[in-house]
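Each remark here refers to the structure printed beneath this line.
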Amino acid sequence: MASIQLKNISKVYPGDVTAVYNCDLEIADKEFLVLVGPSGCGKSTLLRMIAGLEELTTGKVYIGDRLVNDVPPKDRNIAMVFQSYALYPHMTVYKNMAFSLKLRKMPKEQIDEKVREAARILDIEHLLNRKPKALSGGQRQRVALGRAMVRNPAVFLLDEPLSNLDAKLRTSMRTEISKLHKQLETTFIYVTHDQTEAMTMGDRIVVIKDGVIQQHDTPQNLYEHPINKFVAGFIGSPQMNFVEVTLKDIEGKTYAVFGESALFIPGCVMSREAKDQYLNTEVVLGIRPECIDDDPARSGEYSTIVGAVELAESMGAEKYIYFVSEGVSFIARVSGGSKISGGDTAAFAIDCSRIKLFDKETELVISC
């Protein structure tokens, strides 16, 4: 087992294209860490640098206490699972899983024991004599995981391993990989662009944008305390609603005003010092869809806005309401029993205690 340290690592490609910039990160032994961000943000490049498949431009990578910058991938005691599975099509499942052990000249009895134990854990014992073309996508993914498992690596690196699966299978495989992590008690680093995968699987999430780490924390802390507008918008589904507002003092209370609407800003959202600094200034207000209610009579720290409903999307237990208020588009996530339909004009209650505020220029959070 091993911890990982990344110290000021960067990757610059020819043409001065920076894929990863000045990354500092410590990954604890047995941690399940998820690297998340939009396509092209550098997360896969970062993973490949840990694996030794991509040369560093600057910085140092430690696996355990060992500097591995000049250590070839095969000697880093890591195993990588790719999006494409990368199985040998002419070999059976058994031979695919045993291949790396044969290269190490491990005794046949030991190879057989390791392959069958991994197959048992992954519930693919009945597939050992099949070839990859006779397997479903989920079965191929399990074989790819099994091939990595038999090596007993200190670190598992998984690069978007579920991207080729359908939605239902992705959900079940998320659960299987999380169970596997707990069973193996090994360090997992998992790359995805799907924030739902990140939120449900990771002990800790690293959010990356344009090759730069924006924030890393537990899923709940990222959701509740985003450091900037990008993180706030990336974490959570559907995405947080954003609207440009002006902070104004109305009868001794602070409100976020847009058009003819005003949302109360309670003391728990913004410090007195921040209110004084940003009063009469344009800022960006963020409110999550689940913090908008279709009952305008809600009591407590709520403000009401009226909107024209463009679409009401039923999801079964809940409903997504797409509406426009003061020329601004919003999404509300409400109970599936809501009677609101497309074409309605409806009033919505905003949970003002859940509002986030961001500096318009820097996009850094300015609320508590």
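Here the structure is a predicted model, which is why all the values come from computation and not from measurement. In what follows, residues are counted from 1 in the order of the sequence shown. Side chains included, hydrogens not; waters and symmetry mates left out as well; all remaining heavy atoms used.
Note on ring orientation: taking the six-membered ring where Trp is involved, the planes of His181 and Phe32 are perpendicular (angle over 60°, cut-offs 30° and 60°). Between Phe230 and Phe234, the ring-plane angle classifies as parallel under the 30° and 60° cut-offs.
Nearest approach of Pro219 to Ala198, heavy atoms of both residues: CG-O, 4.4 Å. Of all the heavy atoms in Ser303 and Cys352, the pair that sits closest is OG-SG, 3.3 Å. Contact detail for Thr186 and Ala154: the closest heavy-atom pair is CG2-O, 3.1 Å. Among all heavy-atom pairs drawn from Val231 and Pro226, the shortest one is CG1-CB, 3.9 Å. The two atoms that bring His193 and Val36 nearest to each other are C-CG2, 4.3 Å, heavy atoms only. Of all non-hydrogen atoms in Pro38 and Lys43, the two that sit nearest each other are O-NZ, 3.1 Å.
Cluster membership for Met49 and Phe156, using ILVMFWY side-chain heavy atoms within less than 4.5 angstrom, is not shared. When the side chains of ILVMFWY residues are joined at heavy-atom separations under 4.5 Å, either directly or via intervening members, Ile78 and Leu180 end up in two distinct hydrophobic clusters. By the criterion of side-chain heavy atoms lying less than 4.5 angstrom apart, applied directly or through intervening Ile, Leu, Val, Met, Phe, Trp or Tyr residues, Ile366 is not grouped with Val284; the two fall into different hydrophobic clusters. Cluster membership for Val257 and Val328, using ILVMFWY side-chain heavy atoms within less than 4.5 angstrom, is not shared. Hydrophobic cluster membership is shared by Val155 and Phe82, with clusters built from Ile, Leu, Val, Met, Phe, Trp and Tyr side chains linked at under 4.5 angstrom.
Heavy-atom contacts from other residues, nucleotides or ligands closer than 6.0 Å to NZ of Lys275 number more than 12. Heavy-atom neighbours of Tyr21 OH from other residues, nucleotides or ligands within 6.0 Å: at or below the threshold of 12. Atom CG of Asn129 is surrounded by 12 or fewer heavy atoms from other residues, nucleotides or ligands within 6.0 Å. Environment of CD in Glu113: sparse, with no more than 12 heavy atoms of neighbouring residues, nucleotides or ligands closer than 6.0 Å. Heavy-atom neighbours of Asp65 CG from other residues, nucleotides or ligands within 6.0 Å: at or below the threshold of 12.
Side-chain contact, Ser261 with Glu326: a donor N or O sits under 3.5 Å from an acceptor N or O. Judged purely by distance below 3.5 Å, without hydrogens or angles, the side chains of Ser353 and Asp351 pair a donor atom with an acceptor atom. Side-chain atoms of Ser100 and Arg151 include no donor-acceptor pair closer than 3.5 Å. Side-chain contact annotation: Gln214 with Asn228, donor-acceptor N/O pair under 3.5 Å present. Counted by atom type alone, Ser338 and Asp294 present one or more donor-acceptor pairs between their side chains at under 3.5 Å. Between the side chains of Asp29 and Ser3, no donor N or O sits under 3.5 Å from an acceptor N or O.
At a threshold of 4.0 Å, the pair Arg272-Asp276 counts as salt-bridged, since one of the basic side-chain nitrogens sits closer than that to a carboxylate oxygen. Between Glu282 and Lys360 a salt bridge is recorded (basic side-chain N to carboxylate O distance below 4.0 Å). Salt bridge present: Glu197 and Arg170 bring a charged side-chain N and a carboxylate O closer than 4.0 Å. Taking 4.0 Å as the cut-off between side-chain N and carboxylate O, Lys253 and Asp249 do not count as a salt-bridged pair. A salt bridge between Glu117 and Lys114 is absent, with no side-chain N of the basic residue lying under 4.0 Å from a carboxylate O of the acidic one. Using a 4.0 Å cut-off between charged nitrogen and carboxylate oxygen, Arg204 and Glu31 count as a salt-bridge pair.
For Phe330 and Tyr322, the ring centers are positioned 6.0 Å apart or more.
Under the 4.5 Å side-chain criterion, counting only non-hydrogen atoms from C-beta, Ile287 is not in contact with Lys356. You'll find the side chain of Val61 stays beyond 4.5 Å of the side chain of Gln5, heavy atoms only. Side chains of Val269 and Phe264 form no contact here, defined as non-hydrogen atoms less than 4.5 Å apart. Within the 4.5 Å cutoff, no side-chain heavy atoms of Asn77 are placed close to those of Ile63. In this structure, the side chains of Pro238 and Tyr320 come closer than 4.5 Å at one or more pairs of heavy atoms.
For the pair Lys11 and Tyr13, the distance from NZ or CZ to the six-membered ring centre is under 6.0 Å and the angle to the ring normal is within 45 degrees. Taking the ring centre of Tyr223 as origin, the terminal cationic atom of Arg288 falls inside the region bounded by 6.0 Å and 45° from the ring axis. With Phe242 as the aromatic partner, Lys229 meets the cation-pi criteria of under 6.0 angstrom to the ring centre and within 45 degrees of the ring axis.
Applying the side-chain contact (heavy atoms from CB on, under 4.5 Å) test between Ile9 and each of Leu46, Asn69, Thr58, Thr57 identifies Leu46 as the sole match.
Distance check, rounded to the nearest 0.5 Å: OG of Ser237 to CE of Met199 gives 10.0 Å. Between atom SG of residue Cys41 and atom CG of residue Leu35 there is a gap of 8.5 Å, rounded to the nearest 0.5 Å. Between the CG atom of Leu128 and the CZ atom of Arg116 there is a distance of 5.5 Å, given to the nearest 0.5 Å. Rounding to the nearest 0.5 Å places CG of Asp194 at 9.0 Å from CD of Glu160. Within the model, atoms CG of Leu158 and CE of Met201 stand 7.5 Å from one another, a figure rounded to the nearest 0.5 Å. Considering CD of Gln220 and NE2 of His225, their distance stands at 8.5 Å, rounded to 0.5 Å.
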Please test Asp159 against Ser44 for side-chain hydrogen bond (donor to acceptor under 3.5 Å, both in side chains), starting from the C-alpha separation and ending with a verdict. CA-CA 7 Å; Asp159 192 2; Ser44 290; 2.9 Å; yes
Candidate pair Arg48 and Leu157, rule side chain to side chain contact (heavy atoms under 4.5 Å, CB included), full reasoning: CA-CA 9 Å; Arg48 290 172 64 85; Leu157 306 177; over 6 Å; no
